[in-house]
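Computed from heavy atoms alone, side chains included, the values below leave out hydrogens, waters and symmetry copies.
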Amino acid sequence: MEKIFKNTIKTVILVIGFSSFGQGSIKDSVSIKKVSVDDTTLSITLIDNPNNSYYDRINNWDFSPTDDVSYQFSINYLKENESPLIKKTPIIAQTKWLPIKQYQGKFYTYYPCDFYTYFKVSIDDNEFIDWTGEGPFASKIIEQNKIDNATFEFKLTGVTQKDKKLIIHIIDNEKGIAVFEEINTDMNYYYLMVASDKIKSLPLIVNNCETNKQTELLFDEPNFDELLKQSKL
């Protein structure tokens, strides 16, 4: 199965390379590959049109009834631990962030087969919210600092992590791309994010599992040391 997915992502990139992506010169969407694995149909599609509904599906911040349950659970935790939310104006202009992938130095938005592992972040004047596969969980912003015009530091506490330090490194302000750095006691954890209002500037790869869930596409592991040196403010 792994070989199929490696070949699929290579095919996706090949099509992007020949299509002058982002210049409005190709169709709304390009069907890349349709395969059957263990009697499951899976299709990979490259989306070109920023008005395509798939962009709005991943850039959706509305609460569902189940989201209300997880969110209230996190709020109750803060109250029970005598750490209620405090109204604070966010120090960062971009307050909604979505995950992106990298392949051969280029960035892509990715619509996964299984949204249980999908993760996004929102910040408002009351809380910092981690949107996970189990729903949104609020954390209290204990402290927030603007290190410089490209670096923002948050100290958080909540039900998902009692002591959390997050640094947002904006590496490309025009495209809204940032490296998120979580600092833990044992190691630092990095991942790529894009501001929600800039997401349509990136190509979107849709991994549509039409019958059953399958393994996600394989992308490159970014060189975060190099990315952090490439600020484009």
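Note: F154 CZ to E182 CD = 12.5 Å, rounded to the nearest 0.5 Å. In this structure, CG in L46 is found 8.5 Å from OH in Y108, a value given to the nearest 0.5 Å. Separation of atoms OG (S70) and CZ (F63) is listed at 7.0 Å; rounding is to 0.5 Å. Rounding to the nearest 0.5 Å gives a distance of 11.0 Å between CG of N59 and CG of L204. A distance of 7.5 Å separates NZ in K101 from OH in Y110, rounded to the nearest 0.5 Å. Rounded to the nearest 0.5 Å, atoms CG (N60) and CG (L98) are 10.0 Å apart.
With hydrogens and angles disregarded, a donor-acceptor distance shorter than 3.5 Å links the side chain of T157 to the backbone of K162. A donor-acceptor distance shorter than 3.5 angstrom exists from the side chain of K88 to the backbone of I142, with no hydrogens or angles considered. K198 places a side-chain N or O within 3.5 Å of a backbone atom of E174 that can act as its donor or acceptor partner. Under a 3.5 Å cut-off, the side chain of S74 and the backbone N or O of F137 do not form any donor-acceptor pair.
Looking at V194 and L202, their side chains come closer than 4.5 Å, going by heavy atoms from C-beta outward. Counting heavy atoms from C-beta on, the side chains of I123 and I141 come closer than 4.5 Å. Here the side chains of Y54 and N49 are not in contact, with every heavy-atom distance at 4.5 Å or above. Side-chain contact between E181 and I183 is present, with heavy atoms from C-beta onward closer than 4.5 Å. By the 4.5 Å heavy-atom criterion applied to side chains, T66 and S64 are counted as neighbours. With a 4.5 Å cut-off on side-chain heavy atoms, Y71 and E127 count as touching. At least one side-chain heavy atom of I100 sits under 4.5 Å from a side-chain heavy atom of I177. Two residues are said to be in side-chain contact when any heavy atoms from C-beta on lie closer than 4.5 Å; T109 and I58 meet this criterion.
Under 3.5 Å, the side chains of Q102 and D220 contain no donor-acceptor pair of N or O atoms. For the residue pair N76 / Q72, a side-chain donor-acceptor distance below 3.5 Å is found, with atom types taken as modelled. Between the side chains of D163 and Q161, no donor N or O sits under 3.5 Å from an acceptor N or O. S122 and W131 are linked by a side-chain donor-acceptor pair at a separation below 3.5 angstrom, with hydrogens and angles left out of the test.
Relative to the six-membered ring of W61, K120 meets both conditions, a distance below 6.0 Å and an angle of at most 45° to the axis.
Remark: K164 engages D130 in a salt bridge, criterion side-chain N to carboxylate O under 4.0 Å. K165 has a carboxylate O that lies under 4.0 Å from a charged side-chain N of E153, or vice versa, which qualifies the two as a salt bridge. K200 has a carboxylate O that lies under 4.0 Å from a charged side-chain N of D56, or vice versa, which qualifies the two as a salt bridge.
Scanning both residues, T117 and D114, for their nearest heavy atoms gives OG1-O, 3.5 Å.
Ring to ring, Y111 and F115 are close: their centroids are under 6.0 angstrom apart.
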Starting from the C-alpha separation in whole Å, work towards a yes-or-no answer on side chain to side chain contact (heavy atoms under 4.5 Å, CB included) for I168 and T151. CA-CA 6 Å; I168 299 176; T151 314; over 6 Å; no
Quick one: do L192 and F107 satisfy side chain to side chain contact (heavy atoms under 4.5 Å, CB included)? Show the steps, please. CA-CA 9 Å; L192 284 167; F107 299 108; 3.8 Å; yes
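With Q144 as the fixed residue, the side-chain contact (heavy atoms from CB on, under 4.5 Å) test singles out one of L166, L156, T89, I91: I91. Each of D124, N126, D125 was evaluated against K87; a single residue qualifies, D125, per the side-chain hydrogen bond (donor to acceptor under 3.5 Å, both in side chains) test. No option in F128, F119, Y191 other than Y191 meets the ring pair (Phe, Tyr, Trp, His ring centres under 6.0 Å) test with F180.
Both Y77 and F73 are members of a single hydrophobic cluster when ILVMFWY side chains are connected at heavy-atom separations under 4.5 Å.
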